[in-house]
Protein chains: 2
Amino acid sequence: MSEAKKLINELLVEIFNRILAIEEEALRNAGVSLSMTEIHVLEAVGNVPEPSMTQIAAKLGITVGSLTTSVATLANKGFVVRKRPEDDRRKVLVELTPSAVKTLEIHSAFHAKMIDSIFEDLKVEEDEVLLASLRRVATYFRK
Amino acid sequence: MSEAKKLINELLVEIFNRILAIEEEALRNAGVSLSMTEIHVLEAVGNVPEPSMTQIAAKLGITVGSLTTSVATLANKGFVVRKRPEDDRRKVLVELTPSAVKTLEIHSAFHAKMIDSIFEDLKVEEDEVLLASLRRVATYFRK
DNA sequence: ATATTATTGTTTGAAATTCAAAGCAATGTC
DNA sequence: GACATTGCTTTGAATTTCAAACAATAATAT
């Protein structure tokens, strides 16, 4: 591997290894005491078109059984509410509470700041290069 | 956030969420039945100058107590050996066995392939831009 | 020299996250 | 109506992790 490739590899690994702990600390500093796992569940609830247990679990790549535990504790903590829809009473639809929405906004702000730091000093044309590179990585992982 | 920023954020999150499972599957397909957690321990053992329990745990960002468990199972599986050095018999130095070295080579090959897919179609000057961007992210995380 | 303190690791008990498999209730199909 | 499928929860277990208590060795102070 060339030097540039080695460096990029090392930087990716370093970023990867630290990001979860850093994001969790950022939340703690903002007065949020949820784990990143729980944040991911809330994000999935907010981003899935029909947030049933099956759909949410699929989005997260975990089993529905695992999700049941997680959603139960989030419900106890007051971040989600569960509803049985009348048209199909097998399903459980999960909704975010105002607390959860506020928490996700804090988390999004962190991400926005992070992305801004990447773009700092980058020219517009260079943005395109970075975007193309990331697309390539994402494509590589999808196959 | 601009469109490009949003996209980059989404791509980073997607890559991040999938990479561990994908790397673990790649190893399984190559006949290696170690978790990514265990692979990271082996990598740390190989990359730390003096691989004592304390140094390895610091590199990994976990407690020495956690590492004790992990190294014990890796020793049972034949991937590391532990030695008490004569000059300071409090320490435990961890060494990789040939099996471990072989396993890490398989893992490195995956990483190399991944990096190559990023570089595909990228011109040399563009490599520099990507590198600079990643450096910025890493710097952002360090502080 | 001996006593005290610091360093290095292990053990213990507990929490979080996850899975597979079994079980239950509601819905769909024959 | 009987049987199969779907959607979810429960159960039992494995992995990974921590904090705190413990043990051994080394360094420092008296």
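Lettering follows sequence order; numbering is per chain, from 1. A quick note: this is a predicted structure, and the numbers were derived from the prediction, not measured.
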Mind checking if [X] touches a base, just sugar-phosphate, or nothing, with heavy atoms under 4.0 Å?
| X | value |
| --- | --- |
| S35(A) | sugar-phosphate |
| T73(A) | nothing |
| V92(B) | sugar-phosphate |

Whole angstrom value for the distance that separates [atom2] of [N] from [atom1] of [X]:
| X | N | atom1 | atom2 | value |
| --- | --- | --- | --- | --- |
| R90(B) | dT8(C) | CZ | C1' | 6 Å |
| D88(B) | dA6(C) | CG | P | 17 Å |
| I39(B) | dT15(D) | CD1 | P | 15 Å |
| L34(A) | dT17(C) | CG | P | 10 Å |
| L93(A) | dT9(D) | CG | P | 11 Å |
| K91(B) | dA6(C) | NZ | P | 18 Å |
| M53(B) | dA23(D) | CE | C1' | 15 Å |
| R89(A) | dT9(D) | CZ | P | 13 Å |

Strictly below 4.0 Å: does [X] bring a side-chain N or O up to OP1 or OP2 of [N]?
| X | N | value |
| --- | --- | --- |
| R82(A) | dT9(D) | yes |
| T37(A) | dA16(C) | no |
| T54(B) | dG9(C) | yes |
| T69(B) | dT15(D) | no |
| T63(A) | dC19(C) | yes |
| T68(B) | dT10(C) | yes |

Checklist outcome for this item: Result for 5'-nearest mapping on DNA chain C, choosing between S66(B) and I62(A), is S66(B)
Checklist outcome for this item: Residue pair S70(A)/R84(A) against DNA chain C: nearer the 5' end by closest nucleotide is S70(A)
Item to check | Closest contact, heavy atoms only, I56(B) versus V48(B) | outcome: CA-CG2, 4.4 Å
What I want to find out is whether [X] reaches [Y] closely enough, with some N-O distance under 4.0 Å, to be called a salt bridge.
| X | Y | result |
| --- | --- | --- |
| K77(A) | E38(A) | yes |
| E43(B) | K59(B) | no |
| E50(B) | K91(B) | yes |

Item to check | Reference residue E86(A); test salt bridge (Lys or Arg N to Asp or Glu O under 4.0 Å); the match among K83(A), R89(A), R84(A) | outcome: R89(A)
